[in-house]
Protein chains: 2
Amino acid sequence: MKAKTPNRAYHHGNLREAVLLAAGQALESGGAGSVSLREISRELNVSHTAPRRHFPTKQALLDALAIHGYARLGVTLSRAIGDRDADFDIRLAKATRALVRFAVKHPVLLGHMFAAKHHPAAPPELLEASDLAFSSGLKLIAEGQETGNVVAGDPELLALVPFATVQGLIVVSSQGYFKGVSLEQLVEDATYRIIVGLRPRS
Amino acid sequence: MKAKTPNRAYHHGNLREAVLLAAGQALESGGAGSVSLREISRELNVSHTAPRRHFPTKQALLDALAIHGYARLGVTLSRAIGDRDADFDIRLAKATRALVRFAVKHPVLLGHMFAAKHHPAAPPELLEASDLAFSSGLKLIAEGQETGNVVAGDPELLALVPFATVQGLIVVSSQGYFKGVSLEQLVEDATYRIIVGLRPRS
DNA sequence: ACCTGAACACCGTTCAAGT
DNA sequence: ACCTGAACACCGTTCAAGT
């Protein structure tokens, strides 16, 4: 019985991934406060100091969770935005819709991602992961400027308002609904108004 | 000495207030995770179970912190909005400015207020405190509709977008600046664009 | 009513030691 | 290199008891 049984006594096939997954579930179910290294270790049948090889501290685990979240969000966003031949308004709508779907699916994770990013002691990898995740969105704004759909100005500054609005709407209606109106509908309306506001004066 | 010396209790004149104050400082300095009942009790020279009379659980203390925050924000907002004779745009600008100043002054508290409000187990008093805090803003929107400055529609729904944008901007630029632009400037620009978007088509 | 002190079951982190 | 188990200093919460 020394073959690879799923519950091998010595060590997990991939402890890092397993811890990350369990931590993600704990986070989503009860916030960052209910992520416990000891409890996760117990679930994985591993000593409570084993995760320390992969995540030297609890904060490191929480940061890794946020980085992983940004990586997933980045993939989702860049896929939704697609190639630059398509219509600007459609690409923008798809991007916001993708962001909203991510938010509805992982509300606590998204909140944690933002909180972790703005923590004073956030590691550089986390900031880089965030920048990378939103880079496709920034490129979209820049291309919108080239095609005359967006006013001139710093793309990062211009993108800030729609990003912030979406983020704020998500926070405000974190259950996915606000007064019976779906978050997707709310964001679509808000985005439309903001985009109109970003158009060059004609 | 059986007389009711109301403020000469065993130790503290007003333990509730003292705990709330200390908890607020702990929150603002290091997030909700660094609020410790035992540590606060130590600082106040009181046994670690004494606060339990006022806050039966740590969650109750955190909720009370959020409620207190909403009460202060509500006062600030209703003062800024002033009486209904003044110009609509000015009142709105003052309201957003007041909100931004509160955010800059108490960034972690504001984040905690929103998080606490959207916690599944949030007590009704917390939701009521939030509603009350924003009631003057809702009234402003409603009056804007009367005077033709805002499109028809559910005021709460219309107010959601500017509220969410401000909240999102605060989260995104929680240090008070974003790329060298002050949060106040960011919010003022965003608010202007959104208000224009809310105007009835003429 | 308000507060105390001991007890309980948890936690993150450190460290010497095992394989 | 990766993992273990004991130890340490902290938590929040409960409870019988003091004033």
Side-chain angles (χ1 to χ4, degrees), chain A residues 1-27 29-66 112 116 119 121 123, chain B residues 1-27 29-66 112 116 119 121 123:
Chain A
M1 276 340 212
K2 311 169 59 181
K4 357 175 82 184
T5 66
N7 258 1
R8 261 161 88 189
Y10 187 57
H11 72 325
H12 231 268
N14 197 338
L15 185 57
R16 207 195 118 94
E17 299 293 320
V19 169
L20 217 45
L21 185 71
Q25 289 169 341
L27 178 77
S29 83
S34 68
V35 174
S36 159
L37 282 171
R38 286 182 109 109
E39 190 176 341
I40 290 169
S41 301
R42 245 178 274 126
E43 286 171 11
L44 300 178
N45 284 324
V46 117
S47 100
H48 60 272
T49 52
R52 198 160 192 276
R53 297 293 128 190
H54 305 283
F55 310 101
T57 180
K58 186 181 178 180
Q59 190 56 51
L61 173 58
L62 291 175
D63 287 341
L65 229 37
H112 171 68
H119 192 81
Chain B
M1 276 341 208
K2 318 168 55 181
K4 351 180 84 188
T5 58
N7 265 359
R8 294 285 244 111
Y10 283 65
H11 276 88
H12 250 272
N14 198 339
L15 185 57
R16 207 195 117 94
E17 299 292 320
V19 169
L20 218 44
L21 185 71
Q25 289 169 341
L27 178 77
S29 82
S34 69
V35 174
S36 158
L37 282 171
R38 285 182 111 109
E39 191 176 340
I40 290 169
S41 301
R42 246 178 273 127
E43 286 172 11
L44 300 178
N45 284 323
V46 119
S47 100
H48 59 272
T49 53
R52 198 159 192 276
R53 297 292 128 192
H54 305 283
F55 310 102
T57 180
K58 185 181 178 181
Q59 190 56 50
L61 172 58
L62 291 175
D63 287 341
L65 229 36
H112 171 67
H119 192 80

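Quick caveat: nothing in here was measured; it's all calculated off a predicted structure. Letters A, B, ... mirror the listed sequences (proteins, then strands); counts begin at 1.
In terms of heavy-atom proximity, B:Pro51 sits nearest to B:Leu15 at N-CD2, 4.3 Å. Closest approach of A:Ala22 and A:Ile40 over heavy atoms only: CB-CG2, 3.9 Å. A:Ala26 and A:Val35 get closest at one heavy-atom pair: CB-CG2, 4.0 Å.
Per the geometry, CD1 belonging to B:Ile40 stands 12 Å off C1' belonging to D:dG12, to the nearest Å. Taking atom CG on B:Leu15 and atom C1' on C:dA1, their separation rounds to 13 Å, with Å as the unit. Atom CZ in B:Arg42 sits roughly 14 Å away from atom P in C:dT4 (whole-Å rounding). As a whole-Å value, the separation of A:Leu44 CG from D:dC3 C1' is 14 Å. If you take CG of A:Leu37 and P of C:dC10, they are 16 Å apart, rounded to a whole angstrom. When the C1' atom of D:dG5 is taken as reference, atom CZ of A:Arg53 falls 14 Å away, rounded to whole Å.
Listed by chain and residue number, B:Leu20, B:Phe55 satisfy the side-chain contact (heavy atoms from CB on, under 4.5 Å) test with B:Ala64 (two or more places apart in sequence, or in another chain). Listed by chain and number, the residues in a side-chain contact (heavy atoms from CB on, under 4.5 Å) with B:Glu17 are B:Asn14 (sequence neighbours excluded). Considering only residues two or more places apart in sequence or on other chains, B:His112 meets the side chain to side chain donor-acceptor pair (under 3.5 Å) condition with none of them. Here A:Thr49 pairs with A:Ser47 under the side chain to side chain donor-acceptor pair (under 3.5 Å) rule; sequence neighbours left out. Legend: residues meeting side chain to side chain donor-acceptor pair (under 3.5 Å) with B:Arg42, ordered by chain and number and at least two apart, are absent.
Heavy-atom distances to DNA chain D give each of A:Arg38 and A:Ala50 a nearest nucleotide, and the one nearer the 5′ end belongs to A:Ala50.
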Dot-bracket assigned to DNA chain D with the 3.5 Å Watson-Crick/G-U criterion, [ ] for crossing and | for other-strand pairs, is ||.|||||...|||||.||
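Residue A:Thr49 places its side chain closer to D:dT4 than to any other of D:dT4, C:dC2, C:dA7.
Applying the side-chain hydrogen bond (donor to acceptor under 3.5 Å, both in side chains) test to residues at least two apart or on different chains, the pairs with a partner in residues 51-62 of chain B are B:Gln59-B:Asp63.
Contact check of residues 54-63 of chain B against DNA chain D (heavy atom, cut-off under 4.0 Å) returns B:Thr57, B:Lys58.
Residue side chain A:Arg52 does not reach the base of C:dG12 through any donor-acceptor N/O pair under 3.5 Å, judged by distance alone. Side-chain to base pairing of B:Ser36 with D:dG12: no donor and acceptor N or O lie closer than 3.5 Å to each other.
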